[in-house]
Amino acid sequence: MSNLEKSGTFTLGDRTVTRLGYGAMQLAGKGVFGPPKDRAESIAVLREAVESGVNHIDTSDFYGPHITNQIIREALHPYKSDLVIVTKIGATRGLDASWNPAFTKEALTQAIHDNLENLGLDVIDVVNLRAMFDVHGPAEGSLEEPLTVLADLQRQGLIKHIGLSNVTAKQIADGRRITEIVCVQNQYNLAHRGDDALIKQLAVEGTAYVPFFPLGGFTPLQSSTLSDVAAELDATPMQVALAWLLQHAPNILLIPGTSSRTHLRENLAVADIALPDDAIEKLDGIAKTG
């Protein structure tokens, strides 16, 4: 058993992945735009992650744009047979680094071909459609047209599996009438617990839930309770926040990101952390107290 397998495994599409993965967003420049400050370190981070047992990498061609996927290809291609690369489409980046919806058939099709080219793949393991009705969180709106486009690209053999990102429970249910949904990627962390019921339902259905911003994202988690528990366990607050997610539900797959090998090692060490019941009780209360 590798160290990461201590965190458990879960099914993603037709593949089994370790529950501690890697999110590539931070491999791009500031604001997820432009090139990284240290491309060589970005490449080293990816290689060390995979050598350490990570077999689930989350990315998107709108990170950069294009840059993150190109770095992944440079660092890891040809890919290990057990590596699962998941990407997202549904947005483009403006010259001002803005995030803009891209839901037309032409835009979605181009996005798939861009991902394939920049990653050096013939087929993508999982493609998440990111809903852009509200860039800050899930909002109702029909995904029928873009999901129908993705289902067609899947039939063409360019995509193996389809997931959803930034979505509501209704959008997931509606989407399943069009195609199988193998994972859901929404914002979720110790302080942002709006998907509690959804996570439980997805677990029953055997569907992976992949929280983005597991550490708070652009506004890192800050809590005296979190800091106190971390001090008691001789861990960092961010390690405890990740460990809480792993123990919270069996279908949660983590994709913490970093552009630093030192930080990567701290993230992967979470596989060795087992939170006692009293710590979990304290951490559960963070969302109630703010």
Side-chain angles (χ1 to χ4, degrees), residues 3-12 16-23 25 53-56 58 84 86 126 128 137-138 163-169 172 181-217 219-258 266-290:
N3 186 57
L4 288 194
E5 287 178 330
K6 295 177 185 176
S7 66
T9 60
F10 199 78
T11 301
L12 184 55
T16 298
V17 297
T18 56
R19 292 179 61 214
L20 260 173
Y22 175 79
M25 185 173 74
V54 168
N55 61 2
H56 170 209
D58 181 87
V84 177
V86 180
V126 183
N128 286 323
L164 292 172
S165 178
N166 200 41
V167 289
T168 67
I172 298 166
I181 303 298
V182 301
C183 60
V184 173
Q185 187 179 98
N186 280 359
Q187 181 179 359
Y188 185 82
N189 53 52
L190 265 172
H192 194 281
R193 301 276 301 276
D195 275 358
D196 277 345
L198 176 61
I199 291 170
K200 290 179 181 178
Q201 181 59 37
L202 293 174
V204 171
E205 297 164 354
T207 302
Y209 182 93
V210 188
F212 65 77
F213 293 163
L215 302 177
T219 306
L221 293 172
Q222 294 185 7
S223 161
S224 58
T225 300
L226 176 58
S227 298
D228 291 345
V229 170
E232 292 170 4
L233 298 174
D234 194 25
T236 70
M238 297 302 98
Q239 285 177 319
V240 170
L242 291 174
W244 178 86
L245 284 166
L246 279 178
Q247 291 184 223
H248 186 64
N251 60 324
I252 286 181
L253 302 180
L254 295 187
I255 50 168
T258 179
E266 290 179 0
N267 287 343
L268 299 185
V270 170
D272 292 317
I273 297 176
L275 298 176
D277 290 344
D278 62 330
I280 292 175
E281 184 176 354
K282 292 175 185 175
L283 295 168
D284 282 348
I286 289 176
K288 299 172 186 174
T289 58

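The figures that follow rest on heavy atoms only: side chains count, while hydrogens, waters and symmetry mates do not.
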Partners meeting side chain to side chain donor-acceptor pair (under 3.5 Å) with Glu205 (sequence neighbours left out)
Arg176, Gln201
Taking side chain as C-beta onward, heavy atoms only, is Leu246 less than 4.5 Å from Arg19?
yes
Only residue of Leu190, Val270, Leu226 satisfying side-chain contact (heavy atoms from CB on, under 4.5 Å) with Val240 is Leu226
So, the side chain of Gln247 versus the backbone of Leu275: is there a donor-acceptor pair under 3.5 Å, distance only?
yes
Applying side chain to side chain donor-acceptor pair (under 3.5 Å), can you list everything that pairs with Asp228, at least two apart in sequence or on another chain?
none
Among pairs that include at least one residue of residues 239-255, which meet salt bridge (Lys or Arg N to Asp or Glu O under 4.0 Å), considering only residues two or more places apart or in two chains?
none
Result of checking Val210, Asp58, Leu245 against Leu254 for side-chain contact (heavy atoms from CB on, under 4.5 Å)
Leu245
Exam field: side chain Asn186 to backbone Val167, donor-acceptor pair closer than 3.5 Å:
yes
From Phe212 CZ over to Asn128 CG, what is the distance, rounded to the nearest 0.5 angstrom?
10.5 Å
Side chain to side chain, Glu266 and Gln239, heavy atoms closer than 4.5 Å
yes
Partners passing side chain to side chain donor-acceptor pair (under 3.5 Å) against Thr258 (at least two apart in sequence or in another chain):
His263
Show every salt bridge (Lys or Arg N to Asp or Glu O under 4.0 Å) that has at least one partner inside residues 230-254, sequence neighbours left out.
Glu232-Lys282
Set of residues satisfying ring-ring contact (aromatic ring centres under 6.0 Å, His included) with respect to Tyr209, sequence neighbours excluded:
Tyr188
Taking side-chain contact (heavy atoms from CB on, under 4.5 Å) as the definition, give me every residue that meets it alongside Ala208, ordered by chain and number, with sequence neighbours left out.
Phe10, Leu12, Cys183, Leu253
For side chain to side chain donor-acceptor pair (under 3.5 Å), just list the numbers for Trp244 and Asn189, CA-CA rounded to whole Å, side-chain angles, deciding distance to a tenth of an Å, and then say yes or no.
CA-CA 9 Å; Trp244 178 86; Asn189 53 52; over 6 Å; no
Where is the tightest heavy-atom contact between Ile172 and Ile181, given as atom of each residue plus distance?
O-CG1, 4.4 Å
Apply side-chain contact (heavy atoms from CB on, under 4.5 Å) to Ala249 and list each qualifying residue two or more places apart in sequence or on a separate chain.
Ile199, Asn251, Ile252
Applying side chain to side chain donor-acceptor pair (under 3.5 Å) to Asn55 and not counting sequence neighbours gives Thr18
If a pair satisfies salt bridge (Lys or Arg N to Asp or Glu O under 4.0 Å) and one of its residues is in residues 238-254, list it, with sequence neighbours excluded.
none
Tell me, which pairs form a salt bridge (Lys or Arg N to Asp or Glu O under 4.0 Å) where one or both residues lie in residues 181-204, sequence neighbours left out?
Arg193-Asp196
Does any non-hydrogen side-chain atom of Leu20 lie less than 4.5 Å from one of Ile255?
no
Side-chain contact, heavy-atom cut-off 4.5 Å: Ile273 with Leu242?
no
If I compare all heavy atoms of Pro237 with all of Ala230, which pair ends up nearest, and what's the gap?
N-CB, 3.6 Å
Under the rule for side-chain contact (heavy atoms from CB on, under 4.5 Å), what residues qualify as partners of Thr16, not counting sequence neighbours?
Thr9, Thr11
